2 protein chains.
Amino acid sequence: MIRARRIADVAAVAGVSPTTVSHALSGKRAVSEATRERIMRAIEELDYRPNLVASGLRKQRTHTIALLVADIANPYYPAVARGVHDVVNADGYVILIGNTDGDGDAERSLAREMLARGVDGLIIQPMSSKPAELRSIVGPSFPLVVVSEVDQTMYADAVGTDDAVGIGAAVRHLAEAGIRDVGFISGPELQAPGPGPVRLAAFQAASSALGLPVRDDWIVHTTFTRDGGFSAGAALLALDERPRALLCANDLIAIGVLDAARAARLRVPEDLAVVGFDDIETADLVSPRLTTVMNPAADLGAACARALLRRIELGPDAPYERTTLHTRLVLRASA
Amino acid sequence: MIRARRIADVAAVAGVSPTTVSHALSGKRAVSEATRERIMRAIEELDYRPNLVASGLRKQRTHTIALLVADIANPYYPAVARGVHDVVNADGYVILIGNTDGDGDAERSLAREMLARGVDGLIIQPMSSKPAELRSIVGPSFPLVVVSEVDQTMYADAVGTDDAVGIGAAVRHLAEAGIRDVGFISGPELQAPGPGPVRLAAFQAASSALGLPVRDDWIVHTTFTRDGGFSAGAALLALDERPRALLCANDLIAIGVLDAARAARLRVPEDLAVVGFDDIETADLVSPRLTTVMNPAADLGAACARALLRRIELGPDAPYERTTLHTRLVLRASA
DNA sequence: GCTCCCTTGCAAATCGATTTGCAGTAACCG
DNA sequence: CGGTTACTGCAAATCGATTTGCAAGGGAGC
């Protein structure tokens, strides 16, 4: 087995010390043009690639960042991941990815797992952990970006979307169509500020602002999946008094509701209006095409990545910042 | 700033040497029950977590693997990634992910980038690089799993799907419905054995096996996207003699073809039958529901992960193995 | 010609965990 | 009671790159 090349091998071939090779590569100290030339030729010849594990140990910088999402197989997150990837890759970083399934223990243990591997920063959309907990896990000066609808700049840099704006537009749109009996299907019922509760609160706020009643029995929690939407939707549609419209905390739930409506032989939007959230690609492909709130996933990922790189560069003393991206209602056929 | 705890801190608190702490943790050498107890208490008290960068440097094992896909935002790959994730996570591994966009240079440079970070293995679905090239990059004894429709056990462990079986079933299905004029929309035209060319070849083989003509002007290449499918489909449908059915190298292309058919005011499947490949979730949601070849993405990811872990455990001397997963035709409404 | 500075290079310490060689103690046997 | 074995523990070397302290050599200035 051929051993990987070390910096010492390069130094030997070039006839200099490892120090000089390192300086030639990093530019931390001047190296004569002739020497640098010899070193570069040696590197070429040996196909030398610096060992980033050793370098990471010494420099305490691995050029690796961690991205923790609920479920990469959920259609919303890949776009986020891609946004992150493209921004950080351009700066020579690679991504360690983890799926938490929205579980608080998994979030915390994966965060620790990543930290132990010396990542330079962490991007996470916490579903069950509080930002303060995460901050205490990673330590006070570690680059941490949380995705959150509410301001978290007490604890970390934050990136989020103005979900309330999109939800408000959706409620207003329904009200203008004369629809007052609106239900809401949220995500799992959790303590921490995940997207479900935030969107639910926005729905309640928008409704009362318009003087619309909010019925507790028309507010249900389920998983962020098509199946979850189907069963929650079926339950609501089986009520004696059923809502005339359903707002859903994400598109998968909304698509499940479309299934449920079809199963209940209800016409959409005539009998039941359905509004989703996220505007995943599929939203434009289902029948009827889904009216939904557009959530800029790739932009969000890119913004997170930029916030993280900025923090890595600036160090821990600069004040935390929050970036807010905009949502908007996309009118299609389902409402 | 609070420094992270080192093994020396634990040793000091427990009143032993770092050696003993390491042995207590790894079990490589016996440690008396009393000592182990003290060490564990010290670890608890200090919230010590071993630095995996240092450990990785010494042991040459980072418990990190790399996964290189064409585009994580493409709906097929997240399922693969999830399958890989769940299998390796259970063994304490985390995943470094990279998007190659099917570009050969990106594949090779990302592979090197990952190697420099000391990953214990690499899973890749090469779109433009030959397995032999990849093997030469990673070195002869490095754990490498390639996803490929054709056997690659000359160079690496391989996992693939029997795409020809699914494509054959699709062609036969069309033939049985009396459809002989079939076109094929493949992926980008590349030298290496990506999924596009393989599926195209399977189509040609299946057609001639059934004595069906294959017209070159009904075979086109495009990107693996909905837009690609739309423009390629529109071009084919604008021909004077247009095909009666279109097989597509993936579902996104097929969905784009459905768009094109709608734009050309053709009925599907009456005027044009459309068959996709992959069976992504969206395939069941479009209108008409897409007939497609099911490609077991999560299973594929899991199989890759198992193959890689097996290779890591067995070492380089065991012969390369190939795992083949099965595709099958899913009949829905579009063909 | 002498001093001072600048350039360039090297030896050695460092990052944090692992592992090998060596040794001290206790227990056990005949 | 001498000798062997088993059990524990430590000091030091190691993984590979980076960085600091030191110094040699050459050139410039007076």
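This structure is a prediction, so every number in the text was calculated from the model and none was measured. Every chain is numbered from 1, with letters handed out A, B, ... down the list of sequences.
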With salt bridge (Lys or Arg N to Asp or Glu O under 4.0 Å) as the rule and sequence neighbours excluded, what pairs involving residues 87-99 of chain A come up? none
Go through the structure and list residues passing salt bridge (Lys or Arg N to Asp or Glu O under 4.0 Å) with B:D317, not counting sequence neighbours. none
Please enumerate all residues that pass side chain to side chain donor-acceptor pair (under 3.5 Å) together with A:T100, with sequence neighbours excluded. none
Could you check how far NE2 of A:H63 sits from C1' of D:dA17, rounded to whole Å? 13 Å
Can you list every salt bridge (Lys or Arg N to Asp or Glu O under 4.0 Å) pair that touches residues 92-113 of chain A, not counting sequence neighbours? A:D101-B:R82, A:D105-A:R108, A:R108-A:E133, A:E113-A:R117
Just report the end-to-end axis angle for the helix from C:dG1-D:dC30 to C:dG30-D:dC1, five pairs per end, to 10 degrees. 50°
Any side-chain N or O of B:Y48 below 4.0 angstrom from OP1/OP2 of C:dG16? no
Between protein and nucleotides 5-11 of chain C, map the contacts as a letter string: B base, S sugar-phosphate only, - none, heavy atoms under 4.0 Å, written 5' to 3'. ---SBBB
Please report the distance, rounded to the nearest Å, between NZ in A:K59 and C1' in C:dT14. 15 Å
Within residues 88-95 of chain B, the residues having a heavy atom closer than 4.0 Å to DNA chain C are none
Could you say whether B:L57 or B:K28 is positioned toward the 5' end of DNA chain C, judged by the nucleotide with the nearest heavy atom to each? B:L57
OP1 or OP2 of D:dG16 under 4.0 Å from side-chain N/O of B:Q60: yes
Sequence neighbours left out, what passes salt bridge (Lys or Arg N to Asp or Glu O under 4.0 Å) with B:D120? Give chain and number order. B:R61
Do any side-chain atoms of residues 39-57 of chain A form donor-acceptor pairs under 3.5 angstrom with protein atoms, and if so which ones, sequence neighbours left out?
| unit_1 | atom_1 | unit_2 | atom_2 | d |
| --- | --- | --- | --- | --- |
| A:N51 | OD1 | A:V53 | N | 2.7 |
| A:N51 | OD1 | A:A54 | N | 3.0 |

Atom-pair distance (CZ on A:R58; P on D:dA17), nearest Å: 14 Å
Just jot down the salt bridge (Lys or Arg N to Asp or Glu O under 4.0 Å) partners of B:E37, sequence neighbours excluded, or say none. none
Check whether any side-chain heavy atom of B:N89 sits under 4.5 Å from a side-chain heavy atom of A:N99, and report yes or no. no
Of the candidate nucleotides C:dA17, D:dG16, C:dT18, which contains the atom at the shortest distance from the side chain of B:R6? C:dA17
Do A:R322 and A:T324 have side chains that get closer than 4.5 Å, going by heavy atoms? yes
Once ring-ring contact (aromatic ring centres under 6.0 Å, His included) is applied, what residue pairs with a partner in residues 52-94 of chain A remain, sequence neighbours excluded? A:H63-A:Y93
Tell me: CG of B:D9 to C1' of C:dA17, nearest whole Å? 13 Å
Any A:S22 side-chain N or O less than 4.0 Å from OP1/OP2 of D:dT18: yes
For residues 6-32 of chain A, which residue pairs pass the ring-ring contact (aromatic ring centres under 6.0 Å, His included) check, not counting sequence neighbours? none
Measure the distance from CG on A:L25 to C1' on D:dT19 and round it to the nearest whole Å. 14 Å
Atom-pair distance (CD1 on A:I39; P on D:dA17), nearest Å: 14 Å
